Peer 1: 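Below is the structure I would like to discuss, written out as structure tokens.
All values reported here derive from a predicted model rather than from experimental measurement. Reminder, nothing fancy here: chain letters follow the sequence lines and each chain counts from 1.
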Protein chains: 2
Amino acid sequence: MRSVGKMAELLRVIAHPARLRILEELTKGVKCVSDFEEFLEISQPNISQHLSLLRNHGIIDYYMDGRLRCYFLIDPVIPDILELLRKDYAETLPAPACCPVTKKGKYPGERKR
Amino acid sequence: MRSVGKMAELLRVIAHPARLRILEELTKGVKCVSDFEEFLEISQPNISQHLSLLRNHGIIDYYMDGRLRCYFLIDPVIPDILELLRKDYAETLPAPACCPVTKKGKYPGERKR
DNA sequence: GGCATACATTCAAATATTATTATATTTTTA
DNA sequence: TAAAAATATAATAATATTTGAATGTATGCC
């Protein structure tokens, strides 16, 4: 079981639009840096920096193909997280039943929303 | 379908150890601020700051019970994400099949790991 | 009304993240 | 072997996040 610290670290590392798009692409297959340049409107060094961050955290890896670096996903939780994020939830969660569970609480007052 | 920017924003907001612990507790039921003080080793104002951030992003809400604020989850994706993060994955993803999909690539060279 | 409780807000300092620019590295090709 | 291609690294500047300290606000109770 992952610690809360590790969970936070993982989320922090993927919580960036460019990195999410990189990961989305990698769930479809191997991609090299120049492939990413085609659809990310950020500079090449910046793409490399995002890729390095993901690799340093064990989320992706690469192999060499001539002078290309072919990146691919290695962390299996990533496709699952992306699938959840794409999902549409119709409703917010049901409001809690009338009586608060909190230790000090008594009968609930007005809901402020 | 959530935009990549919205996905990143959601992840960024929950990607903090204290906020993850708050959310873990809230998946179990309603909690007020003093309940959180018992297991988070951070100051009361800091707890309030984290709660405000989560509320400003539509992840939690509260109702008043006398002078207690009873917080509860409203974003339905949160329990699902937490469940995924708790899950243990035995293996890393399988390495990609031998031939890179990348446009420019030829036959893969040595894997550098 | 006055005090205590429960909690929020504000401001500032410390720290972390991000993007930019310039430069370096590695491999292929001519 | 020199040049070009593909990519990484380093340094810096801009921005965002986090925390701590002080103070503010609302509610219930005496």
Peer 1: Is the backbone of A:Val13 close enough, under 3.5 Å, to the side chain of A:Arg19 for a donor and an acceptor to pair up by distance?
Peer 2: yes
Peer 1: So does B:Ser34 get a side-chain nitrogen or oxygen closer than 4.0 Å to the phosphate oxygens (OP1/OP2) of C:dC7?
Peer 2: yes
Peer 1: Keeping the roles fixed (side chain from B:Asn56, backbone from B:Ser52), state whether a donor-acceptor pair exists under 3.5 Å.
Peer 2: yes
Peer 1: Check step by step if salt bridge (charged side-chain N to carboxylate O under 4.0 Å, His left out) holds for B:Lys87 and A:Asp80.
Peer 2: CA-CA 11 Å; B:Lys87 201 164 134 189; A:Asp80 289 354; 3.5 Å; yes
Peer 1: Among C:dC7, D:dT7, C:dA6, find the nucleotide with the atom closest to the side chain of A:Val33.
Peer 2: D:dT7
Peer 1: Write down the distance between OH (A:Tyr63) and C1' (D:dA6), rounded to a whole number of angstrom.
Peer 2: 16 Å
Peer 1: Taking only Lys NZ, Arg NE, NH1 and NH2, and the carboxylate oxygens of Asp or Glu, determine whether B:Arg86 and B:Glu83 approach each other closer than 4.0 Å.
Peer 2: no
Peer 1: Over how many whole Å does the gap from B:Asp65 atom CG to C:dT5 atom P extend?
Peer 2: 18 Å
Peer 1: Using whole Å, what does the distance between atom P of nucleotide D:dT18 and atom CG of B:Asn56 come to?
Peer 2: 14 Å
Peer 1: Take atom CZ of A:Arg69 and atom C1' of C:dT28, then tell me their distance rounded to the nearest Å.
Peer 2: 16 Å
Peer 1: Check the distance between C:dC7's C1' and B:Ile22's CD1 and give it to me in whole angstrom.
Peer 2: 13 Å
Peer 1: Remember a base hit wins even if backbone is also touched, and classify A:Phe36 as base, sugar-phosphate or nothing at under 4.0 Å, heavy atoms.
Peer 2: nothing
Peer 1: If only atom types and distance count, is the side chain of A:Asn46 paired as donor or acceptor with the main-chain N or O of A:Ser43 below 3.5 Å?
Peer 2: no
Peer 1: State plainly whether the residues A:Lys28 and A:Glu25 are in salt-bridge range, i.e. N to O under 4.0 Å.
Peer 2: yes
Peer 1: A:Arg67 has a side chain; which of C:dT29, C:dC7, C:dT5 sits nearest to it?
Peer 2: C:dT29
Peer 1: Which nucleotides of nucleotides 18-25 of chain C have their base under 4.0 Å from a protein heavy atom (B), which only their sugar-phosphate (S), and which neither (-), written as one string 5' to 3'?
Peer 2: SBBBB---
Peer 1: In whole Å, what is the span from the CG atom of B:Asp35 to the P atom of C:dA6?
Peer 2: 11 Å
Peer 1: Starting at CG of B:Leu68 and ending at C1' of C:dC7, how long is that distance when rounded to a whole Å?
Peer 2: 10 Å
Peer 1: For residues A:Thr92 and B:Leu73, determine if any side-chain heavy atom of one lies less than 4.5 Å from a side-chain heavy atom of the other.
Peer 2: no
Peer 1: What is the distance, rounded to the nearest whole Å, between atom OH of A:Tyr62 and atom C1' of D:dA6?
Peer 2: 13 Å
